[in-house]
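Okay, so here's the structure we're looking at.
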Amino acid sequence: MIINQYQNYMYNSKLLEEKFIKNSNNNFTLLKDNLFFRNITFQNFQILKMISFLVRDKNWNNYDPKILNYEENFDTSLEYIFDLEYGINEILKTRNVILFSENSITLSSEGEFLTDFWTNRIGFNLLIPLENHVGSNIIVTKGNDLKENKKFPENIKPDQPFFKFKNLAYTLDDSLLVNINFEGILFEMEDQRNWGDASYKIYSGSLLNPFPYVEKGGSNFSQTVKIDVENKKQRSFPSINIVKIDHITSYKFPKIGIKIDSPILPDDNLIKNFDYYYYLIDFTDDFKNVTSRSDKKVFLVALVDHANDPEEELTKIYNFIAENTINLDKILICPKIYLNSFQPAGEWPKVPELNEYYKIAKKIFSNSQIVSGMVTNFTELNRKRPKMFYDLVSFSFTPIVHDSSDFGVLNTPETIPYILKTLKNFSKSSDVHIGPITIGMHFNPYGESLVSNKSKIRLEMADSDPRHDQLFSLTWTLAIFIQSINKESKFFTFNSIYGHHGILNKNNTKRPLYHLNNFLISLTNSEIFKFNPVNEVYGLKIVLNDKKYYLFVNSSKQKKEIIIPEINFSNQYKLNLKNYTDIFNNDFSFFNFKKDLNPYTFEPLEIKFIEDK
């Protein structure tokens with residue numbers, strides 16, 4: 001066992017404990033998360049993922065408020081009162097009251113700006129779940145009282161589905177009537193699936209209005225949201241979770257790559273066995289000091305200067321590849337300015353059409369695959385959709401743009417099928433590369449830079465995440481992988497060799513995600529079938545060398561009982577919080593099968609790998 005890694009893991013496990021307080025009245029149940037409220041259900045039916053009140057500065061950072069006073073009253077309802085102070089040099093004070101009554105939720109905020117206050121947005125946010133909402137009808141009442149009959153979008157829109165409204169009304173599962181009324185300012189909705197979040201977000205104000213803007217000192221703030229809920233009929237909920245497999249549709253196991261900072265690779269069997277090496281080079285910098293010689297297949301990500309002629313930029317890349325004898329398998333050309341995000345309705349920089357780069361690349365790199373897409377999130381790809389002259393499409397994935405909590409991160413696998421369905425529609429069913437896929441971020445398109453996570457806490461927009469070496473990260477990675485399996489998804493890059501997102505320490509000792517990558521590489525050439533996910537449990541059937549295996553992950557922090565017909569679960573390896581330290585043993589393997597007396601129980605975050613006898 002590697003003692004230093006083990007001790008660091010035990011320290012971080014204690015540091016990372018996350019606790020919610022569960023409250024309920026006759027109809028509503030919720031989890032209180034400091035100032036936020038999560039998983040709000042009405043008669044066991046989830047109607048909201050989260051309620052929050054956020055104050056943004058002019059760089060989109062959230063202020064962390066001082067809690068001046070807190071009260072709660074549970075006599076006849078659930079009432080929470082917060083007196084809060086936002087800002088450092090610029091100050092806003094508010095009294096926020098959150099009231100859960102018998103059949104309604106009322107959110108109210110009254111405040112005063114003690115100084116001039118620059119902001120991009122202030123107010124309540126509601127996260128609407130995907131389940132029972134996607135594709136359903138909704139009546140949107142605009143600020144001028146005009147009513148529009150719409151639908152919660154199925155495909156992910158690059159811009160906001162609904163703008164400047166004061167009321168929303170919809171029915172869920174033909175049984176639950178929901179009416180949301182907004183006062184104090186018009187609200188707007190964005191499709192948070194763009195960023196991987198499993199929700200639609202309703203927020204105050206509009207991105208169509210200029211921002212940042214200033215609120216004058218001495219002025220008042222007022223906002224009220226009223227959510228009325230009515231149940232038309234009693235609903236029943238299944239008590240047994242039965243997972244079913246799609247026996248008809250099979251997939252070839254995808255190719256797995258790794259991100260590198262240099263073609264000089266450590267002498268390690270796994271590192272040598274990756275299918276390709278994701279190598280990002282900034283050709284707008286002095287890249288001539290970069291020397292790269294390798295016979296390994298390279299997926300080159302080339303950042304270029306949009307101000308220069310595309311042919312000039314591509315010639316620069318061609319000369320570099322020729323001089324350094326790079327085995328160019330794939331190439332993604334991305335104007336560096338597109339590492340930044342641009343609102344669909346906002347002002348965009350003057351950049352050559354991406355097709356121009358791809359067309360030239362097709363000619364001079366005729367033996368390589370031309371990759372369209374973005375270095376950053378699906379959001380940016382959705383806003384800069386490819387048109388022609390490409391072989392496959394690429395985007396990366398991180399779950400901590402908006403919500404770095406365990407709750408939020410573990411919800412993100414639910415979003416993946418919607419992302420891939422949307423991508424398929426606008427990319428003409430092209431093959432897909434996803435990666436890097438890490439909890440911590442590689443780039444921040446929404447601010448000046450990544451947030452330095454020196455305190456090693458759960459943090460949005462952070463360069464690193466303390467859960468990276470935890471079971472949490474392995475479970476989340478596998479859940480994203482399983483959800484991403486389809487006909488088009490052919491290439492996956494999860495991690496880097498070293499660094500914040502790495503699988504090796506500087507001294508080349510193995511980190512936990514080394515074993516996960518090694519496990520996935522061992523399944524190369526297998527045929528796979530998908531199980532329909534149930535209750536946050538995701539699964540695959542794997543046929544390798546005429547033997548059958550089953551892989552399942554419980555992407556939640558609750559124990560689950562899952563029934564999977566016709567599968568012998570008795571011979572399995574399971575990795576959970578109780579035995580996770582085994583991963584630091586030198587002989588660790590997912591193929592260490594053992595007999596299990598309670599095979600259908602899934603511990604929180606548990607990974608099961610089953611050998612079919």
Side-chain angles (χ1 to χ4, degrees), residues 33-37 50-72 79-99 105-127 142-144 160 163-167 180-190 201-227 340-343 345-347 401-403 444 446-449 451-452 455 459-461:
D33 175 15
N34 193 17
L35 300 175
F36 299 164
F37 299 86
M50 186 163 71
I51 297 170
S52 64
F53 183 90
L54 299 176
V55 178
R56 304 269 203 169
D57 69 13
K58 56 187 177 182
N59 291 316
W60 289 109
N61 296 312
N62 290 320
Y63 283 109
D64 188 15
K66 292 180 185 176
I67 302 177
L68 305 177
N69 179 56
Y70 171 68
E71 303 171 28
E72 57 185 38
E79 184 180 38
Y80 307 85
I81 302 171
F82 303 91
D83 291 317
L84 304 171
E85 181 180 302
Y86 292 88
I88 302 172
N89 299 317
E90 302 173 344
I91 304 296
L92 164 65
K93 284 189 175 181
T94 68
R95 166 162 278 211
N96 294 352
V97 180
I98 317 296
L99 178 65
I105 307 170
T106 304
L107 320 174
S108 64
S109 178
E110 301 290 333
E112 181 183 3
F113 296 96
L114 303 187
T115 65
D116 288 357
F117 197 96
W118 282 93
T119 181
N120 284 343
R121 183 188 298 158
I122 300 173
F124 287 108
N125 299 271
L126 306 178
L127 297 190
K142 309 286 280 187
N144 58 3
Q160 289 74 6
F163 295 92
K164 296 187 175 182
F165 52 77
K166 64 179 184 180
N167 186 274
I180 311 177
N181 197 64
F182 306 90
E183 296 179 9
I185 191 172
L186 297 178
F187 277 65
E188 190 166 274
M189 180 187 288
E190 73 182 6
K201 181 168 76 173
I202 298 171
Y203 54 89
S204 59
S206 173
L207 291 172
L208 296 179
N209 297 332
F211 60 85
Y213 60 92
V214 63
E215 296 282 4
K216 291 296 183 181
S219 62
N220 294 324
F221 176 87
S222 179
Q223 202 174 96
T224 302
V225 180
K226 178 81 180 301
I227 306 163
N340 302 311
S341 179
F342 299 95
Q343 287 291 332
E347 184 177 349
V401 174
H402 292 122
D403 185 359
N444 179 8
Y446 315 106
E448 294 179 0
S449 62
V451 179
S452 178
S455 299
L459 187 63
E460 290 78 24
M461 309 283 193

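In this text, all values refer to a predicted model and were calculated from it rather than measured experimentally.
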Tell me which donor-acceptor pairs under 3.5 Å the side chains of residues 210-219 have, and how far apart each pair is, sequence neighbours excluded?
from, atom 1, to, atom 2, distance (Å)
Ser219, OG, Lys216, O, 2.6

*Side-chain contact test, heavy atoms from C-beta onward, threshold under 4.5 Å: evaluate it for Ile51 versus Ile105 and give yes or no.*
yes
*Would you say the side-chain atoms of Glu188 pair up with the backbone N or O of Gln160, donor to acceptor, closer than 3.5 Å?*
no
*Can you name the ring pair (Phe, Tyr, Trp, His ring centres under 6.0 Å) partners of Phe82, sequence neighbours left out?*
Tyr70
*Hey, are the side chains of Arg56 and Ile122 touching, using non-hydrogen atoms and a 4.5 Å cut-off?*
no
*How long is the gap from CZ on Phe182 to CD on Gln223, to the nearest 0.5 Å?*
9.5 Å
_Which residues share a side chain to side chain donor-acceptor pair (under 3.5 Å) with Glu110, sequence neighbours left out_ = Ser222
*In chain order, what residues pass the salt bridge (charged side-chain N to carboxylate O under 4.0 Å, His left out) check against Lys142, with sequence neighbours excluded?*
none
*Residues forming a salt bridge (charged side-chain N to carboxylate O under 4.0 Å, His left out) with Glu448, sequence neighbours excluded*: none
*Are Ile180 and Leu126 close enough, and set up right, to give a side chain to side chain contact (heavy atoms under 4.5 Å, CB included), and what steps lead you there?*
CA-CA 10 Å; Ile180 311 177; Leu126 306 178; 4.1 Å; yes
*Can Val401 and Tyr446 be said to form a side chain to side chain contact (heavy atoms under 4.5 Å, CB included), step by step?*
CA-CA 9 Å; Val401 174; Tyr446 315 106; 4.0 Å; yes
_Using side-chain heavy atoms (C-beta onward) and a distance below 4.5 Å, is Leu84 in contact with Asn96?_
yes
*Measure the CG-CG distance between Asn167 and Leu186 for me, rounded to the nearest 0.5 Å.*
11.5 Å
_I'd like to check Phe187 versus Phe163 (side-chain heavy atoms, cut-off strictly below 4.5 Å). Are they in contact?_
no
*Would a 4.5 Å heavy-atom cut-off, applied to side chains only, mark Val97 and Thr106 as touching?*
no
_Would you compute the distance between atom CG of Leu114 and atom NZ of Lys93 and round it to the nearest 0.5 angstrom?_
6.0 Å
*asked:* Suppose we screen for salt bridge (charged side-chain N to carboxylate O under 4.0 Å, His left out). Which residues come up paired with Glu460, at least two apart in sequence or across chains?
replied: none
_Checking Asn125 now: which residues fulfil side chain to side chain contact (heavy atoms under 4.5 Å, CB included) with it, not counting sequence neighbours?_
Ser52, Leu54, Lys201, Tyr203
_Residue list, side chain to side chain donor-acceptor pair (under 3.5 Å) with Ser341, at least two apart or on another chain_ = Glu380, Arg383
*salt bridge (charged side-chain N to carboxylate O under 4.0 Å, His left out): pairs with one or both residues in residues 203-213, sequence neighbours excluded*: none
*Within a strict 4.5 Å, meaning less than it, do heavy atoms of the Phe37 and Ile98 side chains meet?*
yes
*Once you round to the nearest 0.5 Å, how far does CD1 of Ile185 lie from OG1 of Thr224?*
12.5 Å
_Please report the interatomic distance CZ(Phe113) to OG1(Thr94), rounded to the nearest 0.5 Å._
9.5 Å
_Quick check on Asp64: does its CG atom have over 12 non-hydrogen neighbours (other residues, nucleotides or ligands) under 6.0 Å away?_
no
*State, yes or no, whether a side-chain contact exists between Arg95 and Ser109 at a heavy-atom distance under 4.5 Å.*
no
*Using a cut-off of 6.0 Å, state whether more than 12 heavy atoms not belonging to Asn89 lie near its atom CG.*
no
_Can you list everything that forms a side chain to side chain contact (heavy atoms under 4.5 Å, CB included) with Glu90? Sequence neighbours excluded, please._
Tyr63, Thr115, Phe117, Trp118
*Please confirm whether the backbone N or O of Lys58 pairs with a side-chain atom of Asn120, one donor and one acceptor, at under 3.5 Å?*
yes
*What closest approach, in Å, do Gly123 and Ser204 show between heavy atoms, and which atom pair accounts for it?*
CA-OG, 3.4 Å
*asked:* Going by salt bridge (charged side-chain N to carboxylate O under 4.0 Å, His left out), name the residues that satisfy it together with Asp57, two or more places apart in sequence or in a different chain.
replied: none
_Once side chain to side chain donor-acceptor pair (under 3.5 Å) is applied, do any residues pair with Asn209, and if so which ones, sequence neighbours excluded?_
Lys164
*To the nearest 0.5 Å, tell me how far Leu127 CG sits from Phe36 CZ.*
9.5 Å
*If you take all heavy atoms of Leu35 and Pro65, which pair is closest and at what distance?*
CD1-CG, 3.4 Å
*Take Ile202 and Phe124 through the test side chain to side chain contact (heavy atoms under 4.5 Å, CB included) and record every step on the way to the result.*
CA-CA 8 Å; Ile202 298 171; Phe124 287 108; over 6 Å; no
*asked:* Run Met461 and Asn61 through side chain to side chain contact (heavy atoms under 4.5 Å, CB included) and show every step you take.
replied: CA-CA 9 Å; Met461 309 283 193; Asn61 296 312; over 6 Å; no
